[in-house]
Visitor: 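There's a structure below that I have some questions on.
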Amino acid sequence: MRANGAVSLRELARVVQTSEVTVRRDVRALEAEGLLDRRHGGAVLPGGFTRESGFPQKSHLATAEKTAIADLAAGFVEEGEAIVVGAGTTTQELARRLARVPGLTVVTNSLLVAQALAHANRVEVVMTGGTLRGSNYALVGSGAEQSLQGLRVSRAFLSGSGLTAERGLSTSNMLSASVDRALVQAAGEVVVLADHTKLGSDTMFQTVPTDVITRLVTDEPPGHDDRAATELQALADQGVQIAVANGSGVGHGPGQPGQPGRDGGPGDRRGPRRDVPLPGQRRSHAPGGGAGGPQLRSAPSLSEASGGRVADLAPRRR
């Protein structure tokens, strides 16, 4: 169904080599779990959920936005850190930038992330076990999850198929979701990389609940994208720290919007960025009580930097 959107009972019976009576019973059970909707003579994907695209399709979507997000996210990685990086086209872009961080250890279940770091002689790459899922070149299954047991790193960088304030980060594949949850358990804080096209999209399997997400790194939503703007505000209201990259791949610093600020001077690997400060401390500290990465500072609101299309992301008073 994820490949075609709908299937007939007859086709299902042929593929799994059993009777239509057995298939009908199994389809009824899957519907009870919310994984599909029954239709006369077959079944379809549940309404309102985004279907997963394959890697070839994903690699050509929002490429400029993913590059800008990766540039900004790389600034949150410090020399000598140990991190986990999940599978995805955006995290692949991030990995290409991490090759220049000395003393870094990267744990990943993604062949694409490992490939991007394969020739980085100052970066150690640790791969999970598991079964290869060819559609996104990721290792999944019990082998991948078991290899993460007992692991502890400072932070996890994850992407997904959709992000909403209500459910957090989600994906369309159950096996991928299960491994992503194991990656989250190993990390002191969670950084989600998601371009504006994923904001407000909901998919089947929740990977990271909103209250576990420490920071979202995203791009500037277009002025007409009210859904993305609304979702950003809702995420901020729930305490997610927002870092927004502009079209040139950097965030807005504390100076003029779009211009380098204190972070963007010569010799600063992180480059300028804009963080939207939010109240309270979430999972902002690495194991051992040390700081979990660059601390957020006051910055102009999104409404000031983006012409008023996105409201100031300070949480609304309840």
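For this chain, numbers begin at 1 and follow the sequence in order. Computed from a predicted structure; not experimentally measured.
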Visitor: Between Ser170 (side chain) and Gln206 (backbone), is there a donor-acceptor pair under 3.5 Å?
Guide: no
Visitor: Kindly indicate, with the supporting measurements, whether the criterion side chain to side chain contact (heavy atoms under 4.5 Å, CB included) is fulfilled by Thr67 and Arg97.
Guide: CA-CA 10 Å; Thr67 298; Arg97 288 145 183 83; 3.2 Å; yes
Visitor: Got a donor-acceptor contact below 3.5 angstrom from the Thr214 side chain to the Glu189 backbone?
Guide: no
Visitor: Passes side chain to side chain contact (heavy atoms under 4.5 Å, CB included), Asp180 versus Val208? Steps please.
Guide: CA-CA 8 Å; Asp180 281 353; Val208 189; 5.7 Å; no
Visitor: Roughly how far apart are Asp237 CG and Thr210 OG1, rounded to 0.5 Å?
Guide: 11.5 Å
Visitor: If you round to the nearest 0.5 Å, how far is CD of Glu78 from CD1 of Ile83?
Guide: 11.0 Å
Visitor: Can we say Arg96 and Glu93 salt-bridge, meaning some charged N sits less than 4.0 Å from an Asp/Glu carboxylate O?
Guide: yes
Visitor: What's the verdict on side chain to side chain contact (heavy atoms under 4.5 Å, CB included) for Leu183 and Leu158, showing C-alpha distance, side-chain angles and the deciding distance?
Guide: CA-CA 9 Å; Leu183 292 172; Leu158 298 176; 3.8 Å; yes
Visitor: Is a side-chain N or O of Thr90 found less than 3.5 angstrom from the main chain of Lys66, in a donor-acceptor match?
Guide: no
Visitor: Could you state the interatomic distance from CG (Asn109) to CZ (Arg133), rounded to the nearest 0.5 Å?
Guide: 10.5 Å
Visitor: For the pair Glu79 (side chain) and Leu104 (backbone), establish whether a donor and an acceptor sit closer than 3.5 Å, ignoring hydrogens and angles.
Guide: no
Visitor: If you take all heavy atoms of Leu112 and Tyr137, which pair is closest and at what distance?
Guide: CG-CB, 3.9 Å
Visitor: Looking at Glu231 and Arg227, is any side-chain nitrogen of the basic one under 4.0 Å from a carboxylate oxygen of the acidic one?
Guide: no
Visitor: Is a salt bridge present between Asp202 and Arg167, judged by a nitrogen-to-oxygen distance below 4.0 Å?
Guide: yes
Visitor: Start with the C-alpha gap between Ser159 and Lys198, add the side-chain angles, then the distance that decides, and say whether side chain to side chain donor-acceptor pair (under 3.5 Å) holds.
Guide: CA-CA 10 Å; Ser159 187; Lys198 297 176 181 178; 3.1 Å; yes
Visitor: Side chains of Leu148 and Glu145: does their closest heavy-atom pair fall under 4.5 Å?
Guide: no
Visitor: Would you say the side-chain atoms of Ser110 pair up with the backbone N or O of Gly86, donor to acceptor, closer than 3.5 Å?
Guide: no
Visitor: Would you call Leu216 and Leu232 a side-chain contact if the rule is heavy atoms closer than 4.5 Å?
Guide: yes
Visitor: Donor-acceptor pair, Ser176 side chain versus Asn173 backbone, under 3.5 Å?
Guide: no
Visitor: Rounded to the nearest 0.5 Å, how far does CD1 of Ile242 lie from CD of Gln233?
Guide: 9.0 Å
Visitor: Given side chains that start at C-beta, do those of Met127 and Leu139 come closer than 4.5 Å, heavy atoms only?
Guide: yes
Visitor: State, with a plain yes or no, whether a side-chain heavy atom of Val84 is found less than 4.5 Å away from one of Thr108.
Guide: no
Visitor: In Å and rounded to the nearest 0.5 Å, what is the CG to CG distance from Leu199 to Leu235?
Guide: 7.0 Å
Visitor: Shortest non-hydrogen contact from Glu166 to Gln238?
Guide: N-NE2, 4.4 Å
Visitor: Between Ala116 and Ala99, what is the shortest heavy-atom contact and its length?
Guide: O-CB, 4.5 Å
Visitor: For Gly129 and Ser147, which heavy atoms make the closest approach, and how far apart are they?
Guide: N-OG, 3.4 Å
Visitor: To the nearest 0.5 Å, what is the distance between CD on Glu20 and CG on Leu12?
Guide: 9.5 Å
Visitor: How close do Val179 and Ala144 get, counting heavy atoms only, and between which atoms?
Guide: CG2-CB, 4.0 Å
Visitor: Is any side-chain heavy atom of Ser154 closer than 4.5 Å to a side-chain heavy atom of Glu81?
Guide: yes
Visitor: Is a donor on one side and an acceptor on the other found under 3.5 Å between the side chain of Thr207 and the backbone of Leu169?
Guide: yes
Visitor: Answer whether the closest heavy-atom distance between the side chains of Ile213 and Leu163 falls below 4.5 Å.
Guide: yes
Visitor: Side-chain contact test, heavy atoms from C-beta onward, threshold under 4.5 Å: evaluate it for Val123 versus Leu98 and give yes or no.
Guide: no
Visitor: Does Thr171 offer a backbone N or O that forms a donor-acceptor pair with the side chain of Ser161 under 3.5 Å?
Guide: no
Visitor: Mark yes or no for whether Thr91, through its side chain, and Gly88, through its backbone, hold a donor-acceptor pair below 3.5 Å.
Guide: yes
Visitor: Grab the two heavy atoms, one from Asn136 and one from Ala87, that are nearest each other, plus how far apart they are.
Guide: ND2-CB, 4.2 Å
Visitor: Pair Val217, Phe157 - check side chain to side chain contact (heavy atoms under 4.5 Å, CB included), show working.
Guide: CA-CA 10 Å; Val217 184; Phe157 291 86; over 6 Å; no
Visitor: Sub-3.5 Å donor-acceptor pair from the side chain of Asp219 to the main-chain atoms of His196, do we have one?
Guide: yes
Visitor: Answer yes or no: is there a side-chain heavy-atom contact under 4.5 Å between Phe205 and Leu35?
Guide: yes
